[in-house]
Amino acid sequence: MPIPQVLVLGAVSGSMLLVALGGAAVAGHDPAAIVAPPWSGPGPGLPLGADALGRDVLARVLAGGRDLTLTAIAAASTASALGVAGGLWVGWSRGRLGRAAASAADLLLALPLLLLALLAVVTLPGPAAVVAGTVLGGTPLTLRVVADATATARHAGYVEAALSRGERGGAVLLREVLPAHAGLVGADLGQRLVLAVQLAAALSVLGFGPAPPAPDWAAMLRENLPGLGLNAAATIAPAAALAVLAGSVAALSHSLGDGRS
């Protein structure tokens, strides 16, 4: 992947993350305030019109990505960190415990992710359920990918040279193998973030997200879909925000993976 394209994708992803995390500061209207009749179309002071209750759609879109994105970042970081650590250990180890961990990862990969998340949301708050679902669904894949790469690196010349100098396995993993996996880890983290965004959005649409009247991109889809014919922007705008965030991160992750290969 050409470097300029990676930079462009990185800029788009970074801009969307900034909007999601800091958009409330420039929202203008209070996202919970009623400022117009329900389903009012775009007009002066309301570029995207009003939603089902007459609230400013633009203000709610600008403020509606923060909690979802923070939850997704926490979930993705946890899943990726656990998967990378487990993958390094499984790929380096040749013992029974390593094989058992790989088998457990394969078993979790066979289970439907949304089912795991719905089971988690029964006993955990929405954000914690997103973290649990992302860990259960994303960590096994990360573990398997990193384990395969680590098993291959174990016989690489730079690793054998480090071992011949008397360095211990743990030090070799941290100083030699992990830095060599930097592109892989970065690409995987992006994929885990996309997974977490999708999971957080799905649970929110099902009613397990922030409680009203808190703005939330996914909840806005559920709230405003009945008025699609009256003010389509109230539904299209949050859908576009979710799509651009997930799509730009996925494209950047894919480009990092291509750059590694």
Side-chain angles (χ1 to χ4, degrees), residues 7-77 125-127 129-131 134 190 193-253:
L7 293 177
V8 169
L9 291 172
V12 173
S13 300
S15 298
M16 278 306 302
L17 287 172
L18 286 175
V19 169
L21 296 175
V26 294
H29 291 125
D30 179 352
I34 296 176
V35 296
W39 307 125
S40 296
L46 292 174
L48 298 178
D51 69 357
L53 296 180
R55 298 167 297 191
D56 184 355
V57 171
L58 178 59
R60 290 184 67 77
V61 169
L62 289 173
R66 182 177 180 275
D67 290 345
L68 183 147
T69 303
L70 287 175
T71 299
I73 290 174
S77 300
V130 172
V131 175
T134 305
L193 181 58
V194 173
L195 173 66
V197 168
Q198 293 173 338
L199 189 56
L203 291 180
S204 185
V205 168
L206 292 174
F208 298 107
D216 179 82
W217 288 343
M220 290 176 68
L221 300 179
R222 183 183 71 250
E223 295 167 353
N224 296 314
L225 190 59
L228 186 61
L230 298 174
N231 182 19
T235 302
I236 294 175
L242 280 169
V244 173
L245 175 61
S248 61
V249 172
L252 177 61
S253 173

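Along the sequence shown, residues carry numbers from 1.
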### Task
Measure from the side-chain N and O atoms of Thr71 to the backbone N and O of Asp67, and report whether any donor-acceptor pair falls under 3.5 Å.
yes
#### Entry: Leu245 to Trp217 - nearest heavy-atom pair and separation
CD2-CZ3, 3.9 Å
### Query
What is the minimum heavy-atom distance between Ala250 and Val194, and which atoms define it?
N-CG2, 3.7 Å
### Task
Indicate the atoms forming the closest heavy-atom contact of Pro38 with Ala52, along with that distance.
CB-O, 3.2 Å
### Task
Mind listing the closest non-hydrogen atom pair of Ala129 and Leu203 along with its distance?
CB-CD1, 4.3 Å
With a 3.5 Å cut-off and sequence neighbours excluded, list the donor-acceptor pairs that the side chains of residues 235-242 form with protein atoms.
{"residue": "Thr235", "atom": "OG1", "partner": "Asn224", "partner atom": "O", "Å": "3.1"}

### Task
Begin from the C-alpha positions of Val57 and Leu46 and carry the test side chain to side chain contact (heavy atoms under 4.5 Å, CB included) through to its verdict.
CA-CA 8 Å; Val57 171; Leu46 292 174; over 6 Å; no
### Query
Checking Ser204 side chain against Ala200 main chain: does a donor-acceptor pair fall under 3.5 Å?
no
### Task
Please tell me if the side chains of Asp51 and Met220 come closer than 4.5 Å, counting only heavy atoms from C-beta onward.
no
Donor-acceptor pairs under 3.5 angstrom involving side-chain atoms of residues 7-22: please list them, not counting sequence neighbours.
{"residue": "Ser13", "atom": "OG", "partner": "Leu9", "partner atom": "O", "Å": "3.0"}
{"residue": "Ser13", "atom": "OG", "partner": "Ser248", "partner atom": "O", "Å": "3.1"}
{"residue": "Ser13", "atom": "OG", "partner": "Ser248", "partner atom": "OG", "Å": "3.4"}
{"residue": "Ser15", "atom": "OG", "partner": "Ala11", "partner atom": "O", "Å": "2.7"}

#### Entry: Minimum side-chain heavy-atom gap Asn231-Pro42 below 4.5 Å
yes
### Expected output: side-chain Arg60 to main-chain Ala50 donor-acceptor under 3.5 Å
no
### Query
Would you say Arg55 and Pro213 make side-chain contact, with heavy atoms under 4.5 Å?
yes
Sequence neighbours excluded and cut-off under 3.5 Å, please list the side-chain donor-acceptor pairs for residues 24-32, or say none.
{"residue": "His29", "atom": "ND1", "partner": "Asp56", "partner atom": "OD2", "Å": "2.7"}
{"residue": "Asp30", "atom": "OD1", "partner": "Ala32", "partner atom": "N", "Å": "3.0"}

